[in-house]
**Q** 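Can you read through this structure? Questions will come right after.
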Amino acid sequence: MSTLYAPTLREVPVEAELASHRLLLRAGMIRKAASGIYSFLPLGWRSIAKIEDIVRQEMDAIGSQELLLPVVQPAELWIESGRWTVYGPELARLKDRHGRDFCLGPTHEEIITALVRNEIRSYRDLPVSLYQINVKFRDEVRPRFGLLRGREFIMKDAYSFHADQQSLQEHYDAQARAYGRICERLDLVYRPVVADSGQIGGSVTTEFMALADAGEADLVYCECGWAANVEAASAVVSRDPRSTSPVEISRHATPGIKTIAELASAFGIPEHDTVKTMAGKTPEGRLVYLCVPGDRELNPVKANTAVPGIELLDDDDFDRFRIPKGSLGPVNPPEGTMVVADTSLRDEVSWAVGANEDGFHLFGAMPGRDFTVDLWADLVVARPGDGCPICGQTLSGARGIEVSQVFQLGTKYSEAMGARFTDENGEERPFVMGCYGVGISRSLAAVIEQHCDESGIIWPISVAPLEVAILPLSDDDEVIALAEGIWKDLAAAGVEVVIDDRDERAGVKFADADLIGWPYQLIVGKRGVADGVVELKDRATGNRLTVSIPDAVEHMTELVISERARFAH
RNA sequence: CGGGAUGUGGCUCAGCUUGGUAGAGCGCUCGGUUCGGGACCGAGAGGUCGUGGGUUCAAAUCCCGCCAUCCCGACCA
């Protein structure tokens, strides 16, 4: 270890807020090169390699084959798929010396589709599943939290090509099962959740979330096993109608009132009893009013599902449509406005809404009598306390780190890029595709988020950079000789072992060992050696076991082997 | 992109309000004493004070621009 490049930090770098980020830096596993861009030092790289190996084993086990695709990709392919214009500034673009356009791959659907369409022509060659482990680059608006949201990151991405939906479903299920096993082998507490497919496209998708308070995703889950990302969750929103029978509609002056909170407090009613109206526009420029319960958030993803292509208005749009921000409502909106309302409002017969006139609100507005709802749709962000859409029980909430995601892409890319095969009837059809990603570097951070304490990292043995560290606590010749002997014997027994032969005091060695988080520490001290024993410390439990010197190697080896078995394939 | 903050030896920070010699702790080098939970003593090396401009006799300090980094939000895997 005296020659190991693992510069540990005693003090916490200011830039790091999260445990995983802080500990990766302090333990000498990563260093930042630029915002969201990191170097992996030897220890960090060893752990990355461990994760990669687990992923490889699981991919190979379901018949996916490893290959390597280019990071720098020609623009033509992205223009073909349509994503050159759609992807936006997150796609890092560059030109070569001849002025030709390229991009840094944020994902590899285009390149693999282009590869396969030239090689596979017959249904007899299907299905095919291919994967790579490679660097991705996405020019994130806001990189943060170290490896959790980097711009450059390591990802395993697999792509599968099928003749029909059934074949895709089979492989998708196999990938999902493999992802579950990967999480288990990384010792992650996780949940597969219903998700939105975002930029990648497709319809059926599942995200694998490592549960952690530091996670950026909000989840809801039910005891029945159903769980979802709130951005996609279609929960049953419970709502007690404010009035069970219709009342007269009434108009009230509400000078200066612009928000639901102000409205509710001015009239002494709960926000729940009001209806919030947000404004958006379709790609054609049609005005859309979106009504949700006053105490709920509009989910833009769901709004987009209800009205494809909808964008919420900015302040300029409000001026252009000449509508009063803060006093919108479904009653007498501008001519041609589409009114969409959340389904939870369906039985509500008395709405408190804006009057579409600055400084006025309406109470007792009744759908069907006072206004028309053009479309009822699920619009709100799900939250704990809502009802499970499967069984109706109350949902709980959690936060999660998205470590992986599986998608059924269907024919989105194969159609756009003309990737077709000939089926058994001699007809040309586009491939039915799936894609499946594991954030390798993000998983490393997720493991640490779930496995650490005040002193440092507590690796599961499956991800630890090395399994055992020998700590000779003295420069006494006998101690050194014994420690080196154990080191050689353990290495010969197949244990990944490092010896801390640095000229440091015991306290420094202990502190660094706990910080780096070696699963086991074998402590060789002068006192113990005199008594014929060494100590064996388990990082996770803190337990120390005294073993006689002749038994030390065998005992340690057995422990390592049994611990490995917990995470074996 | 909006809001907030920060930028001073390798790291963590003080100094800036009120302009005038660039500091501390840790780390590093050398010597000595120590040696089972981040030791002690002594000596030493190491800094364009993010950057460009301005004000001034004089700028780390005051003013303006730019850059970088972090946090919150919007966005997203």
Side-chain angles (χ1 to χ4, degrees), chain A residues 7-18 21-22 25-26 28 31-37 87-91 106-107 136-157 193 195-201 205-210 215-217 229 231-232 297 300-301 304 311-312 314-315 400-407 435-443 445-446 454-456 471-476 479 500 502-515 521 523-530 534-535 537 542 544 546:
Chain A
T8 55
L9 302 175
R10 187 166 173 175
E11 291 180 89
V12 182
V14 268
E15 67 200 43
E17 200 89 338
L18 283 196
H21 189 192
R22 219 167 44 227
L25 287 167
R26 285 194 58 211
R31 286 293 182 266
K32 186 178 68 177
S35 177
I37 302 177
Y87 216 103
E90 210 174 294
L91 183 66
T107 170
K136 297 274 185 281
F137 191 88
R138 297 183 191 172
D139 200 356
E140 287 285 339
V141 271
R142 191 179 159 210
R144 58 186 141 175
F145 305 145
L147 296 187
L148 277 185
R149 181 169 295 278
R151 292 194 289 175
E152 183 175 294
F153 57 99
I154 303 170
M155 183 167 165
K156 186 284 305 186
D157 46 325
V193 306
D196 171 64
S197 57
Q199 201 78 267
I200 308 287
T205 179
T206 300
E207 289 172 339
F208 289 77
M209 292 283 182
E216 295 182 86
N229 190 321
E231 64 182 27
E297 292 294 314
V301 173
N304 198 49
E311 277 179 61
L312 290 183
D314 58 29
D315 285 344
I401 299 164
E402 185 202 329
V403 290
S404 48
Q405 187 166 12
V406 292
F407 299 87
C435 75
Y436 320 90
V438 176
I440 302 281
S441 42
R442 180 182 278 183
S443 291
E454 325 72 56
S455 308
L471 310 186
L473 297 184
S474 154
D475 58 1
D476 180 85
V479 168
D500 191 348
R502 296 176 302 171
D503 182 20
E504 291 287 357
R505 299 169 61 81
V508 173
K509 292 187 181 184
F510 283 131
D512 275 347
D514 288 348
L515 173 61
Q521 298 167 23
I523 301 159
V524 184
K526 202 170 177 178
R527 287 197 317 240
V529 171
V534 295
E535 269 173 276
K537 180 183 161 184
R544 290 156 185 266
T546 304

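In what follows, every chain begins at residue 1, and chains take the letters A, B, ... in the order their sequences are listed. Every value quoted in this text rests on a predicted model; they were computed, and no experiment measured them.
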**Q** Base, sugar-phosphate or nothing for Pro106(A)? Non-hydrogen atoms, less than 4.0 Å.
**A** nothing

**Q** What's Gly528(A) touching, base or sugar-phosphate or nothing? Going by heavy atoms closer than 4.0 Å.
**A** base

**Q** Pairs under 3.5 angstrom, nitrogen or oxygen only, protein versus nucleotides 5-10 of chain B, please.
**A**
none

**Q** Any strand is fair game: report the nucleotide pairing with A77(B) by Watson-Crick or G-U wobble, both distances under 3.5 Å, or none.
**A** none

**Q** Looking at C76(B), U12(B), U34(B), which one has an atom nearest to any side-chain atom of Pro13(A)?
**A** U12(B)

**Q** Given side chains that start at C-beta, do those of Ser443(A) and Val438(A) come closer than 4.5 Å, heavy atoms only?
**A** yes

**Q** Rounded to whole angstrom, note down the C1' distance from G15(B) over to A59(B).
**A** 14 Å

**Q** If you look at every strand shown and take non-hydrogen atoms under 4.0 Å, does Asp514(A) touch a base, only sugar-phosphate, or nothing?
**A** base

**Q** Examine A77(B): is either OP1 or OP2 under 4.0 Å from a nitrogen or oxygen in the side chain of Arg138(A)? Give yes or no.
**A** no

**Q** Check every strand shown and say whether Ala511(A) touches a base, only sugar-phosphate, or nothing at a heavy-atom separation below 4.0 Å.
**A** base

**Q** Which one, U34(B), A74(B), A77(B), comes nearest to the side chain of Phe153(A)?
**A** A77(B)

**Q** Does the G38(B) base have a donor-acceptor partner in the side chain of Arg26(A) within less than 3.5 Å?
**A** yes

**Q** Between the protein and nucleotides 68-72 of chain B, list the N/O to N/O atom pairs that are separated by less than 3.5 angstrom.
**A**
unit_1	atom_1	unit_2	atom_2	d
U69(B)	OP1	Ser35(A)	N	3.0
U69(B)	O3'	Lys32(A)	NZ	3.1
C70(B)	OP2	Ser35(A)	OG	2.9
C72(B)	OP2	Arg142(A)	NH1	3.4
C72(B)	OP2	Arg142(A)	NH2	2.2

